[in-house]
Colleague: 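Below is a structure I'd like to ask you about.
Atoms considered below: every heavy atom in the structure, side chains included; atoms not considered: hydrogens, waters and symmetry mates. All ligand and atom numbering here is 1-based and tracks the order in the structure. Nothing here was measured: the structure is a model prediction, and the numbers come from that model. Positions are given from 1 along the sequence.
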Amino acid sequence: MKHINDYYFWFLTGSQFLYGEDTLRSVALDSKHIVDGLNTSGALPCKLIQKETLVTSTLIEKTIMEASLDPYCAGVICWMHTFSPSKMWINGLRALNKPFLQINTQFNRKIPYDTMDMDFMNLNQSAHGDREFGYMTARMDIPRSVIVGYWEDERFKTKMSKWMRAAATSVAGRSMNIVRFGDNMRDVGVTCGDKVEAYIKLGWNVPYYGVGDLVDVMNGITEEQIDELMNEYQKDYDIKNANDFNINHIREQARIELAIEKFLVDNDGEAFTTNFQDLHGLKQLPGLAAQHLMAKGYGFAGEGDWKTAAMVRTLKLMGDGLTKGGCSFMEDYTYNLEEGKLFNLGAHMLEVCPSIAKGRPTIEVHPLGIGDKEDPARLVFNSKEGPGFTLSIIDLGGRLRLVYNDIQIIKPEAEFKKLPVARALWKPLPDFYTSTECWILSGGGHHNAMSSALDQDYITYYSEINNIELLAITKNTTVENFRFIDKMNRMAWK
Ligand code: MN
């Protein structure tokens with residue numbers, strides 16, 4: 001599976017010959033200082049690679065074409081230390097097919113009142129060099145993000161780190177396979193969508209496989225492999241009522257997990273979907289199996305919802321290595337509608353990822369009551385409290401739309417005595433009424449990818465990089481304003 005630090009970024013410094021050799025030497029040295037400083041700061045998830053200062057149209061085009069060919073180059077970061085006439089960039093920008101960030105910073109933090117002369121002014125021109133460059137990227141409408149500020153500041157490095165994660169994830173997405181076992185659930189609207197459009201726009205490939213193909217792999221799984229995985233389960237989870245019946249059912253989930261993982265590895269898959277209507281040859285709906293695979297970093301969604309499965313994988317890779325929070329497939333299930341206690345309870349039939357668990361999950365075996373199969377083993381837990389968001393990706397026919405909502409995950413008031421699934425209770429922002437009204441108006445799905453590791457900045461960058469619509473419901477949202485943006489976007493995003 002891919003990791004965030006498999007990727008690196010090219011740092012391109014723009015200038016021109018007019019300045020003469022001395023100034024250009026200083027430009028290259030200053031850039032090196034910044035790149036080395038950022039690389040050794042420990043603040044960035046991926047390495048920056050400094051390239052030769054770009055001073056001609058030919059060199060710009062050649063460099064950007066090379067970046068476009070490098071599969072592990074996840075983007076180019078451009079900075080105009082001096083003035084670089086932007087017509088020189090047209091051919092290069094036309095060749096660009098990588099995520100693109102413009103930074104507007106300068107080598108020195110302060111204006112040196114006592115010492116500055118015209119040589120200093122000629123060397124430190126990013127205030128207008130970056131504006132000239134920004135004109136051309138705006139004119140050519142290149143999908144772009146801009147980060148402004150002093151390069152050593154935490155704010156600057158944090159933003160760059162978030163952008164890098166969004167960019168590397170976007171590039172990784174261009175070769176992502178989402179393996180579908182069965183199709184999406186019959187007659188469900190939002191889990192459907194244009195797979196060709198998703199491939200063109202995001203690179204997501206969603207091949208279908210018959211469940212029988214998975215059952216073949218299951219038949220090749222040995223008892224020793226299952227023993228080994230059972231040991232792993234017992235390291236991280238407690239088994240409730242470890243009688244023979246339950247152990248056998250947990251072993252069956254281990255067999256399913258081992259088979260799905262082998263299938264994913266053999267088919268280069270990073271996410272998968274199941275469908276409880278299509279389990280021919282499977283004794284149980286994958287519950288614990290899907291949960292433990294999500295904990296390992298795979299994307300997942302139920303009922304054949306390949307868009308949400310891909311988004312769960314996307315958010316897992318975006319947060320790769322971050323220690324705070326987790327990410328899960330989630331579904332708005334039911335509400336608490338008491339005034340002053342307006343909450344969403346999220347869960348699914350079985351498949352919530354233990355990366356969001358508070359404390360040690362238990363493995364439990366219960367009947368499912370749907371699908372007419374054996375009682376599936378599943379992990380049961382409450383989610384950790386804290387800030388997070390839910391994110392849905394939907395197909396509006398002609399375009400993909402991201403619907404985002406900030407949430408606060410909270411501690412349940414009381415114990416769930418009989419609920420046999422993992423769950424999260426949250427307060428949506430800005431408040432329950434506004435959030436829910438806006439979400440439903442936007443068409444946001446009943447499934448979502450939930451994260452407590454990331455925040456809105458990452459998703460904003462992701463939408464900028466991939467040039468897809470983002471409708472965000474945040475602490476500042478009002479229904480009136482949201483309706484207006486929705487209406488404008490329907491005209492803008494054709
Ligand atoms: Mn569902």
Colleague: Quick check for you: with the Mn ion (ligand 1) as the vertex, what angle do OE1 of E303 and NE2 of H348 span, to 10°?
Modeller: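 Roughly 110°, rounded to 10°.
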
Colleague: Would you check if the Mn ion (ligand 1) lies under 2.8 Å from any N, O or S atom of H447?
Modeller: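 Short answer: yes, at least one N, O or S atom is under the cut-off.
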
Colleague: Would you mind naming the N, O or S atom of E331 nearest to the Mn ion (ligand 1)?
Modeller: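 In E331, the N, O or S atom with the shortest distance to the Mn ion (ligand 1) is OE2.
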
Colleague: Kindly determine whether E232 and K235 satisfy salt bridge (charged side-chain N to carboxylate O under 4.0 Å, His left out), including the steps that lead there.
Modeller: CA-CA 5 Å; E232 211 177 305; K235 243 190 326 180; 6.0 Å; no

Colleague: Is the shortest side-chain N to carboxylate O distance from D320 to K2 below 4.0 Å?
Modeller: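 Looking at D320 and K2, the cut-off is not met.
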
Colleague: So, is D305 placed with an N/O/S atom under 2.8 Å from the Mn ion (ligand 1), counting both backbone and side chain?
Modeller: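 Not a single backbone or side-chain N, O or S atom of D305 is under 2.8 Å from the Mn ion (ligand 1).
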
Colleague: If we count only N and O atoms by modelled type, under 3.5 Å, do the side chains of Q253 and H292 hold a donor and an acceptor together?
Modeller: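 Result is no, nothing qualifies.
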
Colleague: Any luck finding a side-chain donor-acceptor pair between T191 and E303 under 3.5 Å?
Modeller: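 No pair is found: no donor N or O on one side chain lies under 3.5 Å from an acceptor on the other.
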
